[in-house]
Amino acid sequence: MEKNKRNSDFLHIGNKLLKWYDKNARDLPFRKTKDPYKIWICEIVFQQTRIAQGLNHYNNFIERFPDVKTLAESPEDEVLLYWKGLGYYSRAINIHKASQQIINDYNGIFPSDYEDILKLKGIGKYTAAAVSSICFDGKMPAVDGNFYRVLSRIFADNFDISNSRAFNYFSELSALIMPENVGDFNQAMMDLGSEICKPKNPLCGECPVNDDCLAFSLNKISEFPVKTKKVKAQDLDLKYYFVHRNGQFLIQQRKDDFIWKKLFEFPPMISDDLNPFIKSVKTVNHKLTHKNLSIEIFNVEVDSESAWEDFIAQNNYMITDVEGSHERSFPKPLENYIQNYETVYQIF
DNA sequence: AAGTCGGGGTC
DNA sequence: GACCCAGACTT
């Protein structure tokens, strides 16, 4: 443990980081504002998401939903549409719920107290600390993967970051180097972790605190952080039926209890009456972080008016065309089949 | 305390 | 193919 370490011995590290951050902060749209709404949205967008990947989503989201009121009054499906392709879709659902919390519980004014921010849906200890420190001069460390990596290296600390107590452990460790300006300190740790103290091949030669980094001086950078738990990908086999006629096709909305929460998809099954209209089958494989995905897609061209209307009447599927589908959020692996409907035969 | 949730980049 | 990313929620 670090009970034997004193703040006064390490505070200069945090001050060096602030100085480095003043000159080297990344030029990002949400760096120019202290609007808690925008900081909140950017923190959610970039959870487990690289800046390059989420930047367009963030900009589009802010343009369409510029404030809490606009967001709260918009339908959930449209919020999901602006989250299309980002993954972790419960983030979009929770953002929408939280916006209504802010309207109902805080008169539409984003709460400034850490404990109040923490009550909002989808906001945990990290995000509450980030928003409160950046926007309201809060003093909580925004402990994330960057904190784990930077701190474990500076102190050559082998505490297992997959341990559920890692958040508290590294919160205490960060207190040793945390200066008065916590908002800039939190962002400095993010930028250092992303630009310099990277997971692989960190740029230690350019690091402003390499003189203070114990792992670097021991030439053991690659040994930190320690992480024991591995996530094993599970196999998931899906079947979808691309049932279409005259440019229209059938879709339904998923539940919120599994992968692709509340996103739209093709029917996962059909009645035997439609079997004669199956023209072709194709299997596509996708590698997700936690899933090995195999999707069997059936091309079902219904060239019978009566069969089409009978099937629709018997089920609750929605009918759409390519234009209409653009107003809904589909899982990434299904996007191709919608975008290229005109050339669907080339796909199959 | 352990599982689950996407998609994409990097090595 | 394994690991990681401005984590939070459920069980």
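Naming convention: chains lettered A, B, ... in sequence-line order (proteins, then strands); numbering from 1 in each chain.
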Donor-acceptor pairs under 3.5 angstrom involving side-chain atoms of residues 328-335 of chain A: please list them, not counting sequence neighbours.
residue: Ser329(A); atom: OG; partner: Leu80(A); partner atom: O; Å: 3.4
residue: Glu335(A); atom: OE1; partner: Gln339(A); partner atom: NE2; Å: 3.3

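Whole-Å rounding puts the Gln234(A) CD to dG1(C) P distance at 17 Å. Distance Asp257(A) CG to dT10(C) C1': 12 Å, rounded to the nearest Å. Counting to the nearest Å, the P atom of dC5(C) and the CD1 atom of Ile51(A) are 13 Å from each other. A straight line from CG of Asn285(A) to C1' of dG1(C) spans 15 Å, rounded to a whole angstrom. When the C1' atom of dC9(C) is taken as reference, atom CD1 of Ile93(A) falls 12 Å away, rounded to whole Å. Residue His57(A) contributes atom NE2, which lies 16 Å from atom C1' of dC5(C) at whole-angstrom precision.
Below 30°, between 30° and 60°, or above 60°: for Phe170(A) and Tyr148(A) the angle between ring planes is between 30° and 60°, a tilted geometry. Taking the six-membered ring where tryptophan is involved, the planes of Trp40(A) and Tyr37(A) are perpendicular, since the angle between them exceeds 60° and thus also 30°. Ring geometry for Phe242(A) against Phe266(A) counts as perpendicular: the plane angle is over 60°, on a 0 to 90° scale with 30° as the lower cut.
Remark: Lys125(A) is not in phosphate contact with dA8(C), judged by side-chain N or O atoms under 4.0 Å from OP1 or OP2.
Sorted by first and then second residue, the pairs that involve residues 91-100 of chain A and meet side chain to side chain donor-acceptor pair (under 3.5 Å), not counting sequence neighbours, are Thr49(A)-Arg91(A).
Residues that satisfy the ring pair (Phe, Tyr, Trp, His ring centres under 6.0 Å) test with Tyr126(A), not counting sequence neighbours, are absent from this structure. Checked against side-chain contact (heavy atoms from CB on, under 4.5 Å), Ala25(A) has the following partners two or more places apart in sequence or in another chain: Tyr21(A), Arg31(A), Asp191(A).
Against DNA chain C, the stretch residues 117-124 of chain A makes heavy-atom approaches under 4.0 Å through Lys121(A), Gly122(A), Ile123(A), Gly124(A).
Out of dG7(C), dA2(B), dC5(C), the shortest distance to the side chain of Pro199(A) is found at dC5(C). The side chain of Arg31(A) lies closest to dA6(C) when the candidates are dA1(B), dG3(B), dA6(C).
Separating the P atom of dT11(C) from that of dG6(B) is a span of 15 Å, rounded to the nearest Å. Using C1' as the reference atom, dA6(C) and dG3(B) are 22 Å apart when rounded to the nearest Å.
Nearest-nucleotide mapping onto DNA chain C: of Asn94(A) and Cys42(A), the residue sitting toward the 5' end is Cys42(A). Sequence order on DNA chain B of the closest nucleotides to Val231(A) and Arg165(A) puts Arg165(A) first from the 5' end.
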Letter by letter from the 5' end, nucleotides 6-11 of chain B scores (B base, S sugar-phosphate only, - none; protein heavy atoms under 4.0 Å) BBBB-S
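Formation of a donor-acceptor pair under 3.5 Å by the Ser112(A) side chain with backbone atoms of Phe136(A) is not found in this model.
How far OG of Ser90(A) is from CG of Asp257(A): 12.0 Å, rounded to the nearest 0.5 Å.
Tyr148(A) comes within 4.0 angstrom of nothing in the nucleic acid, heavy atoms only.
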